[in-house]
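Below, chains carry the letters A, B, ... as their sequence lines are ordered, and counting in each starts from 1. The figures that follow rest on heavy atoms only: side chains count, while hydrogens, waters and symmetry mates do not.
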2 protein chains.
Amino acid sequence: MNVQDSCIIRHFSHFCRLSDDDKKLLRRLEESPEQVKAGTVLWQEEDRASEFCTLSRGWAYSYRNLGDGSRQILEIYLPGDIIGLREFAFSQRLAGVAMIDDGVVCHFPHRRLLEIFNQSSTLTAILFAISSRQQALLTERLINLARRTAHQKLAHFIYEMFLRLLQTGALSDGDFRLPLSQEQLADTLGLSAVHVSRTFSAFREQGLVLRERHHVKLPDPEALARVAEFDDCYLNDSVRPIFFDGTEAAMRLTNAHSADEGPVPK
Amino acid sequence: MNVQDSCIIRHFSHFCRLSDDDKKLLRRLEESPEQVKAGTVLWQEEDRASEFCTLSRGWAYSYRNLGDGSRQILEIYLPGDIIGLREFAFSQRLAGVAMIDDGVVCHFPHRRLLEIFNQSSTLTAILFAISSRQQALLTERLINLARRTAHQKLAHFIYEMFLRLLQTGALSDGDFRLPLSQEQLADTLGLSAVHVSRTFSAFREQGLVLRERHHVKLPDPEALARVAEFDDCYLNDSVRPIFFDGTEAAMRLTNAHSADEGPVPK
DNA sequence: TTTTTCCGATAACCCAGGTTAATCAAGCCT
DNA sequence: AGGCTTGATTAACCTGGGTTATCGGAAAAA
């Protein structure tokens, strides 16, 4: 049973060891893979919403166009993420989604989720956990946008991406691809593209972030985290929850991670 | 079977007609009601998180204290809301919660939710819908804080509260109690208290909002919505979803509302 | 190869909203 | 009654970041 072939399964295994039935259910979400090119719009605001999407390869983002012609980027999706959960309760899309990179997506109908609710309370709990984690991310971003200076905003965003990529095991040192233009960053952070440029210049002088094309290097990630006043308890291991508290043996937490790494000290 | 006695049940019935078993499950959430006074802190950031809370009476808010001594108010809870869902995936609280008003809250353990996942896929779907709706609210707030002017922020907030109160049936015209101080509003909107005051003054002159003590009057709610560039599709009837798409007869959408009002046109 | 397009850098100017501070009205205590 | 505290208002001043504009370099198109 190869786990590598599905980043959804890898993603879910993060929370809890999965039974074969669970894995089968998850694999059904990825029945219809589709290649999509950078810039492709998966859907737009107010489109009818009747399905979701898993992202198997490439990056994507969701956005809202605002009245004045500007737009706000809401979310950056990485491989293994489910796109559109946000709209579970709605019949219309609340936000558009577009590909940043070339990639592969798999559409699946609304119904599949209800099947999961019916057939696996483990997966249900994990879905709930994912959704709650997304809310935590969103909340942190809200604070970031509402309260912090441009320097902190940009530092925070970069560091958050750094951590997310670390978690998916996609990188080891502070050196990674960040395929967003400065304009996209500006739309994400509620800044002007000009000011993003200014801020990168400042970071370069301080040796905090070296950006070139679609590539960034963080000589000292910790320093960046300090600038951002980054509070990582919303992202990291505290996501390894007591959320299966023994009601059923089958639901007991057996974290895929701890199997790999042994119990984490500290 | 009296529905009035539980605002949770009323809240859930909004989405879907409930079976008696479902109602019984919900009532278990409210087994231990507790009176709490205005200002009471239900819990603080980083407290251990092992239970949730329903709010039966009064208003509450969640907040985060920031490094520089300021704080961000994240969410305003009204009667019928579940507090703490955000932390489902976490073992620590990510935000503090405090009462605005005197009120009544009911704690229930983490385990209750898992029971619901196991025993009722209808309730599970509704919980998911609530969580997705909360995310939609959060997203809208994010845009509000990231992108709009002080006037728009305040207008947006007031109008959103107006709509939420309308939905719970707590009011009919544009005339309601808003028990938040200007400082709390400032903390919610990422403004200074001084500027909130300035903005209220401007609104008063324009006849948009008349605020006095903890009471606001909206002579022309539509005008306010226009100032706020309010997009109500994230809050209103589109929350009446196709999210039960016929997989099971039992899960078919039979909206409690439409029973009251007859099928809604348009 | 040349042309066009896109992306980023830098500079000059300006304003929305933060900060500080003074003042006032309304409960609250004793 | 008189002091205290808490919230709201208004004014004076300042700054972070928006806006506009210009320029250079790299990639994509021709």
Between D:dA27 (P) and A:His215 (NE2): distance, integer Å
15 Å

Would you indicate, yes or no, if D:dG7 has its OP1 or OP2 atom less than 4.0 angstrom from a side-chain nitrogen or oxygen of B:Arg213?
no

Can a donor-acceptor pair be found, under 3.5 Å and without considering hydrogens, that links the side chain of B:His11 to the backbone of B:Gly80?
yes

Between C1' of D:dG25 and CD of A:Glu212, the distance in whole Å
12 Å

Validation row, ring centre B:Phe90 to ring centre B:Phe88 under 6.0 Å:
no

State, without any angle test, whether B:Arg147 and A:Gln72 hold a side-chain donor-acceptor pair at a distance under 3.5 Å.
yes

Scan side-chain atoms only and decide if A:Arg48 and A:Ser91 contain a donor-acceptor pair under the 3.5 Å cut-off.
no

Under 3.5 Å between N/O atoms: give me all the protein pairs with nucleotides 12-16 of chain D, atom names plus distance.
residue, atom, partner, partner atom, Å
D:dA12, N6, B:Arg198, NH1, 3.3

Checking B:Glu140 side chain against B:Leu137 main chain: does a donor-acceptor pair fall under 3.5 Å?
no

Thinking salt bridges, do B:Arg93 and B:Glu46 make one under a 4.0 Å N-O criterion?
no

Atom CD of A:Gln152 and atom C1' of D:dG17: how far apart are they, to the nearest Å?
14 Å

Give the first and the last nucleotide of DNA chain C, reading 5' to 3', that has any atom under 4.0 Å from a heavy atom of chain A.
C:dG8 to C:dA12

Close approaches to DNA chain D from residues 176-191 of chain A, in residue order (heavy atom, under 4.0 Å):
A:Gly190, A:Leu191

Report yes or no: does A:Trp43 contribute a side-chain atom to a donor-acceptor pair with the main-chain N or O of A:Ala95 at less than 3.5 Å?
yes

Between A:Ser132 and B:Glu87, is any side-chain donor less than 3.5 angstrom from a side-chain acceptor?
no

Which part of the nucleic acid, if any, lies within reach of A:Ser201 when heavy atoms closer than 4.0 Å are counted: base, sugar-phosphate only, or nothing?
sugar-phosphate

Centroid-centroid under 6.0 Å between B:His156 and B:Phe230 rings:
yes

Considering residues, nucleotides and ligands other than A:Glu183, do more than 12 of their heavy atoms fall under 6.0 Å from its CD?
no

Flag, side chain of A:Arg141 to backbone of A:Leu74, donor-acceptor distance under 3.5 Å:
yes

